[in-house]
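Below you'll find the structure, written out as structure tokens, and then a few comments.
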Number of protein chains: 2
Amino acid sequence: MPRMQLTKTAITDTALSLADQHGYEAVTMANIARSLTIKPPSLYNHFKNLEEIKQAMAEAAQKQLYDTLKGTEQTSQPMLSLAKAYVNFASSNPGLYASSLPGGNGEYANALVRLVADALQAYKLENEKMIHAIRGFRSMLHGFVDLNTHAGFKLEVDLEASLEEVVGIFERGLQS
Amino acid sequence: MPRMQLTKTAITDTALSLADQHGYEAVTMANIARSLTIKPPSLYNHFKNLEEIKQAMAEAAQKQLYDTLKGTEQTSQPMLSLAKAYVNFASSNPGLYASSLPGGNGEYANALVRLVADALQAYKLENEKMIHAIRGFRSMLHGFVDLNTHAGFKLEVDLEASLEEVVGIFERGLQS
DNA sequence: ACTATAAACTAATACCATTAGTTAGGCAAG
DNA sequence: CTTGCCTAACTAATGGTATTAGTTTATAGT
């Protein structure tokens, strides 16, 4: 066999840098192949289809997001630190963040949930309440990012201030 | 001229029912034209391109969402009622909800923001704080819906219970 | 009835993902 | 060292997408 110069991770990395530099919609078989100086059908020797490539991208992008967020739980304000890092990652790398969304079940999807759980640790919530709180906080972060990138909060009120206030509301709500 | 049997709203409505019945990804020039028993290029006599059709869809879908949510502010628990109605609309009509997202600036986009503001009315927030709270609550609702339909909260913990708890956290946070 | 307008059409271009079938390079066995 | 197999790459083709150019034709107003 011709030496497998082309690995799954090489394809995934190329697709990710495509998403990062030219947006998630630029992730096409044709563009990936062009970047690798091969023809599109060759990609099918390594992945079943585009969807499978996007799954692999999601896993890798989630790892990047995880690595960026890791450590924020050891600060004085874990939830605020996590929120700021999360929003900053998504705003700075919209293509990467978009890549991370499709996969909901991999190794790093769980790791990200654990990271949110760690940030909520101080509030000593019981099982069910913890799950509700995780869902709520994660929803808030994703919604904040998603509304902002797709629709955009129109008013010229500072985004950072909104995030701080909103995390404050959530934290006070957990306390009482 | 051949009688304009085909109006902008007729096209928009057809596209919306396509999104509702077969998903937002089924909204293509070919499918819209097929539903109307015309050929795709004819659509360009009424809209500049597909994006413009989707903008019109967003406006109409936002109106439907607004009409569904209107009235919830006159209940005993406006925020919870609004949240439940919002999540219910999005889960029951995912194609319609997806259609509503692209447009961030129309008449009904503002009406929806006012609806959220009304639900927060009881907390008597000042200007800036009100805007932060609106953004936070809207983010939570959209994030909740979006994570659920695209990734899906995996654990078999009741969604309705999560929503109630999460709205409760937010309300308590506003109080203190 | 005639003409101008515009809504529909056909045909074409340039993308997209995907599949079938072919070529050719390198590894392993003889 | 040669032979043969495996497989990664290719070419060619299919059918999908949006969009544009140019043409036909029906109708509304004069």
Side-chain angles (χ1 to χ4, degrees), chain A residues 1-61 94-95 98-103 150, chain B residues 1-61 94-95 98-103 150:
Chain A
M1 54 213 116
R3 184 179 292 123
M4 181 149 84
Q5 28 188 301
L6 206 51
T7 65
K8 283 201 176 200
T9 62
I11 293 171
T12 306
D13 289 351
T14 299
L16 276 177
S17 87
L18 215 46
D20 192 31
Q21 294 170 30
H22 299 97
Y24 191 65
E25 67 287 347
V27 178
T28 67
M29 290 306 226
N31 281 341
I32 298 170
R34 211 186 328 274
S35 296
L36 291 164
T37 334
I38 59 172
K39 304 293 174 182
S42 304
L43 293 168
Y44 290 85
N45 290 318
H46 304 274
F47 287 97
K48 194 166 114 279
N49 50 32
L50 181 58
E51 192 192 335
E52 215 179 54
I53 294 180
K54 288 184 172 177
Q55 291 289 341
M57 290 173 70
E59 198 64 25
S99 304
S100 79
L101 295 178
H150 290 145
Chain B
M1 55 211 113
R3 183 180 294 122
M4 180 150 84
Q5 27 187 306
L6 206 51
T7 65
K8 282 201 177 201
T9 62
I11 293 171
T12 306
D13 290 350
T14 298
L16 276 177
S17 86
L18 215 45
D20 191 30
Q21 293 170 31
H22 300 96
Y24 191 64
E25 66 287 348
V27 178
T28 67
M29 290 307 226
N31 281 340
I32 297 170
R34 210 186 329 275
S35 296
L36 291 163
T37 334
I38 58 172
K39 305 292 172 182
S42 303
L43 293 167
Y44 290 85
N45 289 318
H46 304 274
F47 287 97
K48 195 165 114 281
N49 52 30
L50 180 59
E51 193 192 334
E52 215 180 54
I53 295 180
K54 289 184 173 178
Q55 291 287 343
M57 290 173 69
E59 198 64 26
S99 302
S100 79
L101 294 178
H150 290 144

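Throughout, protein chains are lettered first and strands after them, A, B, ... in sequence-line order, and every chain is numbered starting at 1.
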I need the [atom1]-[atom2] distance between [X] and [N], as an integer number of Å.
X	N	atom1	atom2	answer
A:K39	D:dA13	NZ	C1'	16 Å
A:H46	D:dT7	NE2	C1'	9 Å
B:I53	D:dT19	CD1	C1'	12 Å
B:L6	C:dA6	CG	C1'	13 Å
A:F47	C:dT18	CZ	P	13 Å
B:L43	D:dA21	CG	P	17 Å
A:N31	C:dA17	CG	C1'	13 Å
A:H22	C:dC16	NE2	C1'	18 Å

Among [options], which nucleotide sits nearest the side chain of [X]?
X	options	answer
A:I38	D:dC10, D:dT17, C:dA8	D:dC10
B:P41	C:dA17, C:dC16, C:dA11	C:dA11
A:R34	C:dC16, D:dA9, C:dA17	C:dC16
B:A30	D:dT11, D:dA18, D:dT19	D:dA18
A:Y44	D:dC10, D:dT19, C:dT19	C:dT19
A:N49	C:dT18, D:dC10, D:dT19	C:dT18
B:T28	C:dC16, C:dA7, D:dA18	D:dA18

Query raised in the report: Mind checking whether A:M57 and A:Y24 have side chains closer than 4.5 Å, heavy atoms only?
Result: yes

Query raised in the report: So, is B:S42 close to the C:dC9 phosphate, meaning a side-chain N or O under 4.0 Å from OP1 or OP2?
Result: yes

Query - Pair B:L101-A:H150, side-chain contact (heavy atoms from CB on, under 4.5 Å): steps then yes or no - result: CA-CA 8 Å; B:L101 294 178; A:H150 290 145; over 6 Å; no

Rounded distance [0.5 Å steps], [atom1] in [X] versus [atom2] in [Y]:
X	Y	atom1	atom2	value
A:L50	A:T28	CG	OG1	8.0 Å
B:Y44	B:E52	OH	CD	11.0 Å
B:L6	B:I38	CG	CD1	4.5 Å

Query raised in the report: Does the C:dA8 base have a donor-acceptor partner in the side chain of B:N45 within less than 3.5 Å?
Result: yes

